[in-house]
Amino acid sequence: MAIQASPEHSSIPSLPDRLDGTHLNLGCGSKRKPGFLGVDIGEGSAVDVRMDVMQYLRSLPPHSVQEIYSRHFLEHVEGRELHTMLLEFDRVLRPGGRVQVIVPHYSNPYFYSDPTHRTFFGVHTFSYFCDRSSLRRRVPRYTAIAGWSLVDVKLGFKSYGKPKLLGVKLPTLSSLLNLLVNRGALSIELFERYLCGLWSIYEVSYSIDKRRD
Ligand SMILES: C[S@@+](CC[C@H](N)C(=O)[O-])C[C@H]1O[C@@H](n2cnc3c(N)ncnc32)[C@H](O)[C@@H]1O
């Protein structure tokens with residue numbers, strides 16, 4: 001059962017026994033990463049703490065979290081609040097901590113069908129928030145968070161259906177693209193630049209490490 005927190009109070013809610021609160025799954029809805037504490041404002045079945053993410057983060061002491069995971073949540077945060085939220089990630093993360101973010105890519109048509117989506121993401125979005133990046137293209141660093149390194153970016157392709165022949169699943173163009181395009185930074189950057197208008201990228205995943213010292 002989710003622990004409810006009143007919006008007026010920012011005290012830390014008590015956690016389920018199985019978790020120590022060092023691994024957070026923000027905006028988890030009904031899918032929680034195993035071993036992670038599910039935080040969500042809604043009533044999804046995976047929610048451990050029912051609370052606004054920003055309010056929950058603000059209730060935590062600095063350097064109290066080892067890993068933050070969020071899937072299909074940050075696109076719901078207004079662009080100008082996103083940077084503030086990421087600074088809050090940084091405040092609560094321990095040195096050596098990790099962030100993994102998965103969001104819809106801007107070429108995903110479903111991204112634009114959802115009126116609750118506020119912020120769009122491309123391959124390079126987190127390069128702007130990190131002072132080091134594994135990508136080749138250099139971007140301005142005026143929003144970079146000191147000590148953040150973008151260590152990995154992956155694209156996710158998804159087929160509309162799951163074709164089968166005599167009960168056997170057939171490979172799809174999306175499954176091939178997942179293998180081929182994710183071989184390295186160059187193929188990822190070139191696919192977005194020249195081909196995502198022909199075959200949309202469903203989602204993009206970023207892994208960020210916070211420096212140890
Ligand atoms: C598209 S769902 C994704 C759910 C799940 N992560 C998944 O991958 O299926 C977005 C989730 O973000 C939650 N959410 C949106 N804004 C929030 C906020 N400010 N604080 C907490 N949760 C929020 C919603 O309640 C919803 O469960």
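Here, residue 1 is the first one in the sequence, and each next residue gets the next number. Since we're looking at a predicted model, the values are computed, not measured. For ligands, and for the atoms within them, numbers begin at 1 and follow the listed sequence.
Between Met51 and ligand 1 there is a heavy-atom distance shorter than 4.0 Å.
Through direct or indirect side-chain contacts shorter than 4.5 Å among Ile, Leu, Val, Met, Phe, Trp and Tyr, Leu170 is connected to Leu165, Leu166.
Not one N or O of Ser30 is nearer than 3.5 Å to an N or O of ligand 1, by distance alone.
Atom 18 (C) of ligand 1 has as its closest protein heavy atom Asp52 OD1, 3.6 Å. The protein non-hydrogen atom at the shortest distance from atom 23 (C) of ligand 1 is Phe73 CE1, 3.5 Å. Considering only non-hydrogen protein atoms, atom 20 (N) of ligand 1 sits nearest to Val53 N, 3.0 Å. Atom 21 (C) of ligand 1 has Ile41 N, 3.2 Å as its closest protein atom, hydrogens excluded (heavy atom only). Atom 4 (C) of ligand 1 has as its closest protein heavy atom Gly27 O, 3.5 Å. Scanning all protein heavy atoms for the shortest distance to atom 27 (O) of ligand 1 gives Asp40 OD2, 2.7 Å.
The option from Met54, His72, Arg71 that lies nearest to atom 7 (C) of ligand 1, judged by heavy atoms, is Arg71.
The existence of a salt bridge linking Asp90 and Lys210 is confirmed by a sub-4.0 Å separation between a basic side-chain nitrogen and an acidic carboxylate oxygen. With respect to Glu203 and Arg71, a salt bridge is recorded, a charged nitrogen being found less than 4.0 Å from a carboxylate O. The pair Arg98-Glu67 does not meet the salt-bridge criterion, since no charged nitrogen lies less than 4.0 angstrom from a carboxylate oxygen.
Residues Phe157 and Phe191 place their aromatic rings such that the two centres sit under 6.0 Å apart.
Side-chain contact annotation: Ser127 with Ser133, donor-acceptor N/O pair under 3.5 Å present.
With a heavy-atom cut-off of 4.0 Å, His76 touches ligand 1 through its side chain alone. Contacts of Cys28 with ligand 1, taken as heavy-atom pairs under 4.0 Å, involve the backbone alone.
Note that CZ of Phe126 and CG of Asp152 are 13.5 Å apart. Values are rounded to the nearest 0.5 Å.
At most 12 heavy atoms of other shown residues, nucleotides or ligands fall within 6.0 angstrom of atom CZ in Arg132.
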